[in-house]
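Here's the structure, in structure tokens; my notes come after.
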Amino acid sequence: MYICTAQQMRELDAYTIEYGGLNELLLMEIAGNAVSHALIHNDLTRDAIITIVCGAGNNGGDGFVIARRLKEMGYNCSLFLAYEPQHLKGVAAQHFTIYNKNFPNDWQLCDQQLTRLKQQLGESTYIIDCLLGTGLEGELRLYEETLIQCINDATAYKIAVDLPSGLHATNGRIPTIAVHAKKTYTLAAPKTGFFLQQGPAVIGEWHCLNISVKIAAHAKLGMDLPQVIDDKLVSSGIPYRPADGHKGVFGYSWIIAGSSKYIGAAVFCSNAAFQTGCGIVELTTTSAIHIAIASQSPDILLTSYDEALEIPNKANVIAFGPGLGREKPTLHQAILQKITALNHPLIIDADGLYYATNMQEQLKKRSAPTILTPHPGEMAMLLKRSIDEVENNRFGVAKELAKRYDAFVLYKGHRTIITAPNGQQWLCPIGDDALGRGGTGDVLTGLLTSLLAQGSQPMAAMQVAVYIHAAAASEVGKRTGNYKMTAWQLIDALAIKLGQYIR
Ligand SMILES: NC(=O)C1=CN([C@@H]2O[C@H](COP(=O)(O)OP(=O)(O)OC[C@H]3O[C@@H](n4cnc5c(N)ncnc54)[C@H](O)[C@@H]3O)[C@@H](O)[C@H]2O)[C@H](O)CC1
Ligand SMILES: [K+]
């Protein structure tokens, strides 16, 4: 599924109207109809008390169609207008006229003190938010701010149409206040703002409704739209595991990680690789921690960092970085030089990225794939910008880094973005605060390494890894509470999750 900015949505709308034989009035009818059907099928009970709050733009126009359709089907539905009908324009005005012909004067204007509205919202079981959609610009006006506050104060189940009012569709910022939706029925495509900044906190569960907008025209219009990773894609991306396969078939991961201070990073990364199906995992780390690791993880082969680094000749993927620390720059820089020259897929994570900042040109020249896995702080370091700057432009900076290093980029965050060297992007729509703790990044690198070792292509491996990692963490979080999940519990849950997704 493709994700759009507000501007891209407008261009695709215009294209649909120009070349698809549909006019704006019809598109709005289709949109309102699609939302009313989704509401009836998924949400509304027959005794539901529904209030639809409409603004003066086309989001409000959708609300008039929804109100008409629900009333036609016998639902108890009240319509509130934020502004006098004479302020309506274009197709929103036309749909208000149609509503009014069918249900004459069966609507109310929000009164100045909002007393009637507050009372109605208080008695409602559902509030349908059609105040503002993709047209929001700048700070909210005080009036809309108050209306949104009233909606949020009500205990009714809140459903946003297209997006929660007050949320910026493109950048995910909430300049003032936004409706806290339990659910969002978005039209034609989810908006980029659902996955950026404060967006994820207010959209609730989201569903995208097809309203005949020609999303497929994006390529023709020169748009480079990111896509959302879904269950189906994950299932199709998990490497095939033949029943008669032996350890040689399931790959050999070479993980270079850990230091006396960061033992866990090496342990978690290598165990995540081994416990998600990789045939053999070799860990190169400081010999000072070998005994600790051997007693904890006897399945992992162990070698030491030294100047004459031995390259395991069976390795088919290399991961470099978790828990290296920055105390031995000469040693680690030399190791990175050596492995960069090899023809293996190479994942560079954590402190490995710190060493990679000096190696842009060599990394760019590699013929085998390179995968960089920065979190926002590491992205800021790699691009020499502030964290705010990179976080304000997550899609853009991920693309920029992919281009600079001619690499795949897995940009971690509440909504992780993965980018191919050609700029193609995918977003992971799931994941929560269960993942917000030390060790989970090392587990992700281990899983990614394992999938590559088992034969996945880089993009598929990244798609599967981020999604399975987030889904497994949410599941552990549900069991233990998000305060408590440990990296070990996450590792245990990975293999189970992978099993659930195998076709
Ligand atoms: N996706 C589609 O193909 C379709 C989407 N539809 C719906 O149309 C809206 C977008 O409509 P638009 O008229 O462009 O904008 P809005 O209704 O979101 O908002 C305009 C409205 O808002 C006021 N406004 C703007 N900024 C502020 C502010 N800071 N404070 C207060 N008020 C503000 C402005 O004055 C206007 O009155 C989209 O989201 C969908 O819901 C189509 O119906 C079908 C096709
Ligand atoms: K809305």
Side-chain angles (χ1 to χ4, degrees), residues 2-18 20 22-36 52-66 80-96 110 127-149 151-152 158-170 173-191 193-194 199 202-204 206 208-215 217-218:
Y2 290 99
I3 310 169
C4 288
T5 63
Q7 178 56 27
Q8 288 165 335
M9 198 73 258
R10 281 190 277 274
E11 287 173 32
L12 289 163
D13 268 2
Y15 181 91
T16 304
I17 289 164
E18 191 166 350
L22 293 170
N23 60 36
E24 249 192 294
L25 191 71
L26 254 176
L27 263 188
M28 192 174 273
E29 178 71 20
I30 297 169
N33 207 28
V35 176
S36 54
I52 304 185
V53 184
C54 291
N58 284 348
N59 196 245
D62 296 340
F64 304 142
V65 179
I66 298 166
F80 272 77
L81 269 66
Y83 292 95
E84 298 271 8
Q86 62 264 30
H87 292 292
L88 297 167
K89 291 189 204 97
V91 288
Q94 281 176 269
H95 271 296
F96 178 73
C110 296
I127 299 172
I128 313 299
D129 159 33
C130 296
L131 194 56
L132 295 160
T134 51
L136 171 71
E137 278 170 11
E139 301 265 316
L140 271 186
R141 287 193 286 262
L142 186 61
Y143 176 53
E144 276 74 10
E145 183 182 338
T146 318
L147 282 177
I148 292 174
Q149 192 61 60
I151 292 174
N152 282 346
K158 291 148 203 130
I159 300 180
V161 172
D162 208 19
L163 61 145
S165 300
L167 171 70
H168 194 284
T170 299
R173 292 218 191 89
I174 299 176
T176 321
I177 183 179
V179 167
H180 275 246
K182 279 268 184 233
K183 201 179 243 188
T184 295
Y185 285 119
T186 194
L187 305 172
K191 315 300 181 284
F194 288 15
V202 294
I203 59 169
W206 62 270
C208 180
L209 304 177
N210 184 319
I211 60 163
S212 297
V213 170
K214 293 187 170 298
I215 302 292
H218 68 90

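Order of appearance sets the numbers: ligands from 1, and atoms from 1 within every ligand. All values reported here derive from a predicted model rather than from experimental measurement.
With the K ion (ligand 2) as the vertex, atom OG of Ser165 and atom O of Asp129 span an angle of 100° (nearest 10 degrees). For Val161 atom O and Leu132 atom O, the angle they make at the K ion (ligand 2) is roughly 110°, to 10 degrees.
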Expected rows: ligand 1 N/O, protein N/O, dist below 3.5 Å:
unit_1	atom_1	unit_2	atom_2	d
ligand 1	3 (O)	Asp13	OD1	2.2
ligand 1	3 (O)	Asp13	OD2	3.0
ligand 1	13 (O)	Asn58	N	2.9
ligand 1	15 (O)	Gly135	N	3.4
ligand 1	17 (O)	Asn58	N	3.1
ligand 1	17 (O)	Asn59	N	2.9
ligand 1	18 (O)	Gly133	N	2.5
ligand 1	18 (O)	Thr134	N	3.3
ligand 1	18 (O)	Gly135	N	2.8
ligand 1	26 (N)	Glu137	N	3.0
ligand 1	29 (N)	Glu137	O	2.6
ligand 1	29 (N)	Glu139	O	2.7
ligand 1	30 (N)	Arg141	N	3.1
ligand 1	32 (N)	Arg141	NH2	3.1
ligand 1	35 (O)	Arg141	NH2	3.4
ligand 1	39 (O)	Thr134	N	2.9
ligand 1	39 (O)	Thr134	OG1	3.4
ligand 1	39 (O)	Asp162	OD2	2.6
ligand 1	41 (O)	Asn59	ND2	2.8
ligand 1	41 (O)	Asp62	OD2	2.6
ligand 1	43 (O)	Asp62	OD1	2.4
ligand 1	43 (O)	Asp62	OD2	3.4

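With hydrogens and angles ignored, the 3.5 Å screen pairs a side-chain donor or acceptor of Asn59 with a backbone N or O of Val161. A donor-acceptor distance shorter than 3.5 angstrom exists from the side chain of Thr170 to the backbone of Ala6, with no hydrogens or angles considered. Tyr185 places no side-chain N or O within donor-acceptor distance of the main-chain N or O of Ala34, the cut-off being under 3.5 Å. Of the possible polar contacts, none joining the Ser165 side chain to the Val179 backbone as a donor-acceptor pair under 3.5 Å is found.
Using a 4.5 Å cut-off on side-chain heavy atoms (C-beta onward), Ile177 and Asn152 make contact.
Gly133 lies apart from the K ion (ligand 2) in this respect, since none of its N, O or S atoms is found at a distance under 3.4 Å. Not one N, O or S atom of Val179 sits under 3.4 Å from the K ion (ligand 2).
No hydrogens or angles considered: a donor-acceptor pair under 3.5 Å links the side chains of Glu11 and Gln7.
Between Phe96 and Phe64, the ring planes are perpendicular. Angles over 60° get that label, and only those under 30° would be called parallel.
Between Gln8 and Ile3, the shortest heavy-atom distance links the atoms OE1-O, 4.3 Å.
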